[in-house]
Amino acid sequence: MRIHINDPLDKQATEKLKSVPGVEVTSEHLEKEELLKIMPEIEVLIVRSATKVTADIIEAGTKLKIIGRAGTGLDNIDVKAAEGKGIKVINTPGANSISVAELTIGLMIACSRHIARGTIDLKNGKWTKKELEGHELFGRTVGIIGFGNIGREVAKRLLAFNMNILAYDPFVKETDMNVKMVDLDTLYKESDYITIHVPLTPETKYLINKETISKMKDGVIIINAARGGIIDEAALYEALVNGKVYAAGLDVFEVEPPTDELRQKLLALPNVVATPHIGASTFEAQERVGMLLVERLIKEIA
Ligand code: NAD
């Protein structure tokens with residue numbers, strides 16, 4: 001059985017997979033054209049978020065049985081096309097939630113306390129202490145959109161900061177945490193911080209747009225460590241420039257890596273803190289994700 005790993009997978013997990021009798025493992029990032037060429041030879045394809053497993057790639061996989069996604073979001077995989085051909089899609093929900101939740105809180109604090117701008121100014125020899133007064137999280141209200149694995153891990157941690165926590169999730173009606181489930185309009189109206197933890201779907205595409213931003217509090221801080229495309233970046237840029245939005249913390253972008261235009265406009269704003277899609281990029285999460293995926297794969301192929 002040939003297994004091809006097309007995005008970086010934890011070393012220990014890769015070794016475990018290689019130790020399975022009768023399995024040949026190749027590991028190398030191939031761009032689409034090259035990947036298409038090897039697809040007819042492989043039974044299992046493993047990816048993270050970088051490889052786009054489109055319908056034509058699936059179609060070329062005449063022996064393909066399983067697509068393994070080391071991580072959560074399945075928006076880079078044409079799941080319908082896979083299921084249509086009887087190909088199983090396996091992911092690892094929950095295994096990277098703590099890392100994404102910790103980065104989210106890092107972005108909230110970085111936005112509130114101008115950590116990135118302070119660093120850049122200091123490195124450029126500028127002492128901007130007077131310009132960098134910020135906000136506490138204490139006592140303020142955060143709205144969590146999407147109360148799944150990551151949303152809940154974020155809430156757990158923000159309770160320790162003594163924040164009032166609101167959450168919106170059409171599939172979660174109640175919770176035993178000290179979190180108030182509300183409708184989306186209430187969340188927009190009452191939140192000082194809004195953090196997004198939903199998958200990218202047709203329903204969540206451009207969920208944050210000019211109209212929804214207008215429903216938010218003046219001076220709101222917006223965090224997105226979910227997926228680019230959930231925020232309309234042009235609308236966010238406008239709101240950051242006119243002061244409606246105080247700051248934004250972004251780990252994900254509609255196009256990754258971002259276009260030059262985004263870099264010169266949105267990313268150039270002093271009130272934007274940005275990271276290159278590193279929410280799940282910790283040694284701990286990658287080991288957890290890799291090992292869980294491999295255990296699940298072994299169960300399937302044994
Ligand atoms: P999850 O499935 O546990 O939770 C997602 C929640 O969103 C669910 O409870 C679901 O009911 C809810 N939801 C779905 N549609 C909604 C809508 N229209 N409005 C509000 N809520 C809605 O997933 P998770 O593990 O918490 O991950 C959430 C997302 O975070 C993933 O889909 C992925 O895109 C993103 N993510 C990003 C990184 C990163 O590196 N930055 C890493 C992992 C996951």
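First listed ligand is number 1; within each ligand, the first listed atom is number 1.
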Out of G146, P199, P93, whose heavy atom is nearest to atom 14 (C) of ligand 1?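 The option holding the nearest heavy atom is P199.
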Quick one: which of V198, T201, T275 has a heavy atom closest to atom 13 (N) of ligand 1?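 Residue with the shortest heavy-atom distance to the ligand atom: V198.
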Close N or O approach ([X], ligand 1; < 3.5 Å):
X    : answer
D169 : yes
A225 : yes
E203 : no
I278 : no
D75  : no

May I ask you to decide whether [X] forms a salt bridge with [Y], counting only side-chain N to carboxylate O separations under 4.0 Å?
X    : Y    : result
E300 : K65  : no
R157 : E153 : yes
R117 : D121 : yes

Near H277 (heavy-atom distance under 4.0 Å), the atoms of ligand 1 are 39 (C), 40 (O), 41 (N)
Any heavy atom of T204 closer to ligand 1 than 4.0 angstrom? yes
When distances are taken from atom 20 (C) of ligand 1, the protein heavy atom at minimum range is P170 CD, 3.2 Å
Which residue and non-hydrogen atom of the protein lie closest to atom 27 (O) of ligand 1, and at what distance in Å?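 Nearest neighbour among protein heavy atoms for atom 27 (O) of ligand 1, to 0.1 Å: I150 CD1, 3.3 Å.
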Under 6.0 Å from the six-membered ring centre of Y188 and within 45° of its axis: does the NZ or CZ of K215 meet both? no
Whether D7 side chain and T51 backbone form a donor-acceptor pair below 3.5 Å: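 Confirmed, D7 side chain pairs with T51 backbone.
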Please check: side-chain N/O of E254 versus main-chain N/O of G228, any donor-acceptor pairing under 3.5 Å?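 No, because the side chain of E254 does not come within donor-acceptor range (under 3.5 Å) of the backbone of G228.
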Atom 7 (O) of ligand 1 touched by protein heavy atom at under 4.0 Å: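 Within 4.0 Å of atom 7 (O) of ligand 1, protein heavy atoms are found.
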Can you find a side-chain donor-acceptor pair between N149 and S97 that sits under 3.5 Å?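 Judged by distance alone, the side chains do not pair up.
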Assign the ring pair H135 / Y246 to parallel, tilted or perpendicular, where the plane angle (0 to 90°) is split at 30° and 60°. perpendicular
